[in-house]
A.B. asks: 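Submitted below is the structure of interest, expressed as structure tokens.
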Number of protein chains: 2
Amino acid sequence: MKEKTGKHGTGTTTSEALLGILSIAPMSGYDMRATIERSIGNFWNESFGQIYPALKRLTEEKLVEKKAERRKGHPDRNVYSLTAKGEDRVREWLEVPAANEVPRNELLLKLFFGGHAPVSASRESVESFVTRQQQALKRYREIAKQIRKEHSDDPRAEFWLMTVDYGRHYSEAMVKWGRKTLKELDAIESRAQEKSARKKRRE
Amino acid sequence: MKEKTGKHGTGTTTSEALLGILSIAPMSGYDMRATIERSIGNFWNESFGQIYPALKRLTEEKLVEKKAERRKGHPDRNVYSLTAKGEDRVREWLEVPAANEVPRNELLLKLFFGGHAPVSASRESVESFVTRQQQALKRYREIAKQIRKEHSDDPRAEFWLMTVDYGRHYSEAMVKWGRKTLKELDAIESRAQEKSARKKRRE
DNA sequence: GGGTGCATGTAATGGGTTACATGATTCT
DNA sequence: AGAATCATGTAACCCATTACATGCACCC
């Protein structure tokens, strides 16, 4: 018999992310989307196609409450907030240590099989990856600055900064690896060209 | 109108991984599972529940060929190999640069909301993560050594080593981040304890 | 006889992405 | 009038995990 990681909602999915977001402040589904993108968008995304059905289920389970809000000059909206039960659920969820899953990595998969295609193909993948990581690094520095400026009083800001710091460590390492790998790919290519040049001379 | 990343199979999924594996050597579905675990298991996993149905589809699409193998002293098995069409497909797939997706990261999600639970909860998550990364680091060093020993002649080995090197860069950075983060979590906790101690003294 | 490893599959379930559909308001 | 933004939702489709089911061979 095996222990299961998730069964009746112990796993981490859209619902947990939404409960987490609502633990920061009550808001509408529309706002959740934007808040998620701004705050945890570097490691977690949600689409409307997931958010609205999830909010429906969470409401049925009495983990969140919906309040219709009518405002002049704006469309109506439904503002959701955590119930006491919802707050408990967030705490319970946080008490379960995060699983150490192995996420699928398309870049590495393609690179692993890189020998079966022109080197330029691998090069492009790695190059675009490095560019992305450099941009991310810049972004992380800005985000950290902003958090320290705007939320220096909030005790939760320290946790937010830890996740930003993860990004910094990650992206820095990835840029280093990427540059090194690009050099190695170039070496492979120039060796291949030498080889074909020698072949031509012989012909 | 938006460009779609994947439509009729341009995406990267079980099928592509299997085609890639078969580009290295023909083998049975059972062997694919084991091979995947040994070779790309650090960034890509497949289960039998995916492998067998995928092989069926790939056979129908004439991308792979099945040959029944009967051997005395062993159960029968189906050995799959790439067709010419399958080899083309692998090359086409490799020519499309890897997408820069944002994988969901449960550890960071929980850490982000860490302020809503005891610090010990965050601590456990990070601690287990660091341990995992340290083990991975050891494994990577062994794998690299083994590849250099057993496949020094194979030109594809260079690509394999690049993926191992990714792991090394990644895990090293993650161990650094994890240790730093554990220290910060400890600081938060001791500050909280001081606070409650002062409170007690006042009572 | 029972455990382990080899070997192949199916079914149930859950969950995520995308496209589609609708409609108000505000700005140009 | 038309585009952009706010706002909520549904439906189709794809993909993955897990559990279940089966059976042979080999060794103790």
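Labels below follow one simple rule: chain letters A, B, ... track the order of the sequence lines, proteins then strands, and each chain is numbered from 1. From a predicted model like this one, the values you see are computed outputs, not experimental measurements.
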A.B. asks: Taking any heavy-atom pair under 4.0 Å as a contact, classify Gly73(B): base, sugar-phosphate, or nothing.
C.D. replies: sugar-phosphate
A.B. asks: From the options dG9(D), dA16(D), dA7(C), select the nucleotide whose nearest atom is closest to the side chain of Tyr30(B).
C.D. replies: dA7(C)
A.B. asks: Measure from OH on Tyr52(A) to P on dC6(D) and round the result to the nearest Å.
C.D. replies: 12 Å
A.B. asks: Quick check on side chain to side chain contact (heavy atoms under 4.5 Å, CB included): which of Val64(A), Thr14(A), Leu82(A) does Leu58(A) satisfy it with?
C.D. replies: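 With Leu58(A) as partner, Val64(A), Thr14(A), Leu82(A) yield a single side chain to side chain contact (heavy atoms under 4.5 Å, CB included), made by Val64(A).
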A.B. asks: Can you tell me the distance, in whole Å, between the CZ atom of Arg71(B) and the C1' atom of dG23(D)?
C.D. replies: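 That distance rounds to 15 Å.
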A.B. asks: Tell me if a side-chain donor or acceptor on Glu124(A) pairs with a main-chain N or O of Ala121(A) at a distance below 3.5 Å.
C.D. replies: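 Judged by distance alone, no pair lies under 3.5 Å.
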A.B. asks: Would you mind checking if Asp186(A) and Lys183(A) are paired as a salt bridge, meaning a charged N to carboxylate O distance below 4.0 Å?
C.D. replies: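 Here Lys183(A) does not pair with Asp186(A) in a salt bridge, since their nearest N and O are not under 4.0 Å apart.
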A.B. asks: Are Tyr30(A) and Phe48(A), when compared by the centres of their aromatic rings, separated by less than 6.0 Å?
C.D. replies: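 Between Phe48(A) and Tyr30(A), which both carry aromatic rings, the centre distance is below 6.0 Å.
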A.B. asks: Only one of Trp160(A), Tyr166(A), Phe159(A) forms a ring-ring contact (aromatic ring centres under 6.0 Å, His included) with Phe112(B), so which one is it?
C.D. replies: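 Testing each of Trp160(A), Tyr166(A), Phe159(A) against Phe112(B), the sole residue satisfying ring-ring contact (aromatic ring centres under 6.0 Å, His included) is Trp160(A).
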A.B. asks: If you check the Ser47(A) side chain, which of dG15(C), dA24(C), dT18(C) turns out closest?
C.D. replies: dT18(C)
A.B. asks: Can a side chain N or O of Ser28(A) be found less than 4.0 Å away from OP1 or OP2 on dC6(D)?
C.D. replies: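 False: Ser28(A) side-chain N/O out of range (4.0 Å or more) of dC6(D) OP1/OP2.
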A.B. asks: What nucleic acid atoms does Gly29(A) come within less than 4.0 Å of, heavy atoms only: base, sugar-phosphate, or nothing?
C.D. replies: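 Since only primed, P, OP1 and OP2 atoms lie under 4.0 Å of Gly29(A), the category is sugar-phosphate.
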A.B. asks: What is the separation between atom CD on Glu46(A) and atom P on dG15(C), rounded to the nearest whole Å?
C.D. replies: 12 Å
A.B. asks: OP1 or OP2 of dG9(D) sitting under 4.0 Å from any side-chain N/O of Asn78(A)?
C.D. replies: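 Asn78(A) to dG9(D) OP1/OP2: side-chain N or O found under 4.0 Å.
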A.B. asks: Taking atom P of dA16(D) as reference, at what distance in whole Å does atom CZ of Arg57(B) sit?
C.D. replies: 9 Å
A.B. asks: Residues from residues 102-111 of chain A sitting under 4.0 Å of DNA chain D, heavy atoms only?
C.D. replies: Arg104(A)
A.B. asks: OH of Tyr80(A) versus P of dA7(D): gap in Å, rounded?
C.D. replies: 13 Å
A.B. asks: Whether the Trp93(B) and Thr12(B) side chains hold a donor-acceptor pair (N or O, under 3.5 Å, no angle test) is what I'd like checked.
C.D. replies: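 Indeed, the side chains of Trp93(B) and Thr12(B) share at least one donor-acceptor pair under 3.5 Å.
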A.B. asks: In whole Å, I'd like the distance from the CZ atom of Phe48(B) to the C1' atom of dA19(D).
C.D. replies: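 Taking atom C1' of dA19(D) as the reference, CZ of Phe48(B) is at 14 Å.
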A.B. asks: Take the protein atom CG of Asp31(A) and the nucleotide atom C1' of dT8(D), then report the distance between them rounded to whole Å.
C.D. replies: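 Between C1' of dT8(D) and CG of Asp31(A): 13 Å.
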A.B. asks: Do the side chains of Asp76(A) and Arg71(A) get close enough for a salt bridge, i.e. N-O under 4.0 angstrom?
C.D. replies: no
A.B. asks: Could you tell me the separation between the CZ atom of Arg70(A) and the C1' atom of dT25(C), rounded to a whole number of Å?
C.D. replies: 17 Å
A.B. asks: What's the closest nucleotide to the Gln50(B) side chain, out of dT8(D), dA24(C), dC15(D)?
C.D. replies: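 Given the options dT8(D), dA24(C), dC15(D), the side chain of Gln50(B) is closest to dC15(D).
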A.B. asks: Both Asp76(B) and Lys56(B) contact DNA chain C. Which one's nearest nucleotide lies toward the 5' end?
C.D. replies: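 Its nearest nucleotide being more 5', the pick is Asp76(B).
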A.B. asks: Just N and O in the side chain of Thr14(A): are any of them under 4.0 Å from OP1 or OP2 of dG16(C)?
C.D. replies: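 So the side chain of Thr14(A) is within the cut-off, an N or O lying under 4.0 Å from OP1 or OP2 of dG16(C).
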